[in-house]
Amino acid sequence: MRARRADFMISASDPGGFPPMDLPEFAFAGRSNVGKSSLLNALAGVPKLARTSNTPGRTRLVNWFRIEPPKSDTVAFVDLPGYGYAKVSRELRDAWRPLVEAYLARTEVLRAVFVLVDARRGAEEEERELLEYLDREGVTTQVVLTKADKLPKNKRLPAATAARRALRLARDPLMTAVEEPATLEDLWRFILKRT
């Protein structure tokens, strides 16, 4: 399953550049090296839709993509600036916080935030803090474990169980691997239920 069509819409460095709120939005948040752009590209079926980089922390803007899902009306995928291991100064990372918080206030159109966690590394304090913040703001979240293909298959379920415990989740995280398209089906089903 993949998008029928996917196009870049706009980037914004401040709330004044945000597009009109006329599409349901699904945001992707996670550490700067978690594979966010790769996951967006795999869902869209367009290899270079979102820019990937070997240098963590390259996403410094909020980026919107117009997506026509397999079986529903058009939505927007939103790539939020990465956090954590970004090779940028703490001051710059702190400067992104108001931008991201302004984005997350768009609750009229924000259907969910996918909080991405590297399946090999597991959840850390930053993921817990982000989920707690989103819960306080009343934002629907779904934890997604990325890079599952880097784990042996017998290690995947234990990784999911560990993340659920560490983050005190009510439901299991979704396990994804961009090299294994079948692992994206549950993520698409989550999206389609909320469009």
Side-chain angles (χ1 to χ4, degrees), residues 1-13 17-54 56-83 99-100 103-104 106-119 130 134 139-151 156 160 163 171-195:
M1 193 183 306
R2 66 181 192 182
R4 288 173 286 135
R5 179 172 176 159
D7 299 290
F8 172 74
M9 286 173 60
I10 194 170
S11 293
S13 59
F18 291 178
M21 294 188 287
D22 55 3
L23 291 174
E25 295 180 359
F26 294 87
F28 293 75
R31 288 179 175 272
S32 55
N33 58 347
V34 78
K36 208 159 23 86
S37 297
S38 296
L39 180 60
L40 278 162
N41 293 341
L43 286 168
V46 180
K48 296 183 180 178
L49 181 67
R51 184 175 175 190
T52 60
S53 172
N54 291 327
R58 291 300 294 268
T59 303
R60 300 179 186 192
L61 307 167
V62 179
N63 298 298
W64 279 260
F65 304 90
R66 182 182 301 274
I67 305 292
E68 292 181 18
K71 302 174 184 173
S72 73
D73 294 333
T74 303
V75 300
F77 284 176
V78 184
D79 187 4
L80 298 176
Y83 56 83
L99 176 66
V100 173
Y103 170 74
L104 294 171
R106 292 164 61 96
T107 52
E108 304 96 305
V109 292
L110 183 57
R111 295 293 186 265
V113 173
F114 296 114
V115 177
L116 277 51
V117 175
D118 187 324
L130 177 58
L134 293 169
V139 175
T140 298
T141 58
Q142 174 63 56
V143 173
V144 178
L145 299 185
T146 62
K147 304 184 182 181
D149 53 313
K150 309 293 186 191
L151 287 176
R156 294 183 186 185
R171 61 179 172 265
D172 288 334
L174 300 179
M175 183 77 68
T176 62
V178 298
E179 301 299 328
E180 299 173 18
T183 66
L184 306 179
E185 299 293 310
D186 287 339
L187 187 48
W188 268 121
R189 278 191 278 276
F190 182 96
I191 292 166
L192 295 173
K193 280 182 187 174
R194 286 159 180 80
T195 55

*Kindly confirm or rule out a cation-pi arrangement of R106 over Y103, judged by NZ or CZ under 6.0 Å from the six-membered ring centre and within 45° of its axis?*
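Not satisfied by the 6.0 Å and 45° rule.
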
_For a side-chain contact (heavy atoms from CB on, under 4.5 Å) check, start with the C-alpha distance between L187 and L39, then their side-chain angles and the critical distance, and finish with the verdict._
CA-CA 10 Å; L187 187 48; L39 180 60; 4.1 Å; yes

Are the side chain of [X] and the backbone N or O of [Y] linked by a donor-acceptor pair below 3.5 Å?
X    : Y    : value
T195 : L192 : yes
R4   : S72  : yes
T176 : L145 : yes
N41  : A50  : yes

For the [atom1] atom of [X] and the [atom2] atom of [Y], what is their distance to the nearest 0.5 Å?
X    : Y    : atom1 : atom2 : result
S38  : L116 : OG    : CG    : 10.5 Å
Q142 : D186 : CD    : CG    : 9.0 Å
N33  : K147 : CG    : NZ    : 5.5 Å

*asked:* Please give me the minimum heavy-atom distance between A6 and L49, naming the atom from each residue.
replied: CB-CD2, 3.8 Å

*Pick out which of D73, V75, T74 makes a side chain to side chain contact (heavy atoms under 4.5 Å, CB included) with E68.*
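Filter result, single survivor: T74.
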
Output yes when [X] and [Y] qualify as a salt bridge under the 4.0 Å nitrogen-oxygen rule, no when they do not.
X    : Y    : answer
D7   : R5   : yes
D79  : K36  : yes
E180 : R156 : yes

Taking C-beta and beyond as the side chain, do [X] and [Y] meet within less than 4.5 Å on heavy atoms?
X    : Y    : answer
F28  : V78  : no
P24  : V109 : no
L104 : L110 : yes
V144 : P173 : no

*Tell me, with the steps shown, if R111 and T140 meet side-chain contact (heavy atoms from CB on, under 4.5 Å).*
CA-CA 7 Å; R111 295 293 186 265; T140 298; over 6 Å; no

*Would F26 and F190 count as a ring pair (Phe, Tyr, Trp, His ring centres under 6.0 Å) if you check the C-alpha gap in whole Å, the side-chain angles of each, and the deciding distance to 0.1 Å?*
CA-CA 10 Å; F26 294 87; F190 182 96; 7.2 Å; no

*Show your working on side-chain hydrogen bond (donor to acceptor under 3.5 Å, both in side chains) between T146 and D118 and close with a plain yes or no.*
CA-CA 5 Å; T146 62; D118 187 324; 5.1 Å; no

*Ring center gap for W64 and F18 short of 6.0 angstrom*: yes

*Less than 6.0 Å separating the ring centroids of F77 and F65?*
no

*Between V117 and V143, does a side-chain contact (heavy atoms from CB on, under 4.5 Å) hold up when you go through it step by step?*
CA-CA 7 Å; V117 175; V143 173; 4.1 Å; yes

*Go through R2 and L43 one step at a time and tell me if the side-chain contact (heavy atoms from CB on, under 4.5 Å) criterion holds.*
CA-CA 5 Å; R2 66 181 192 182; L43 286 168; over 6 Å; no

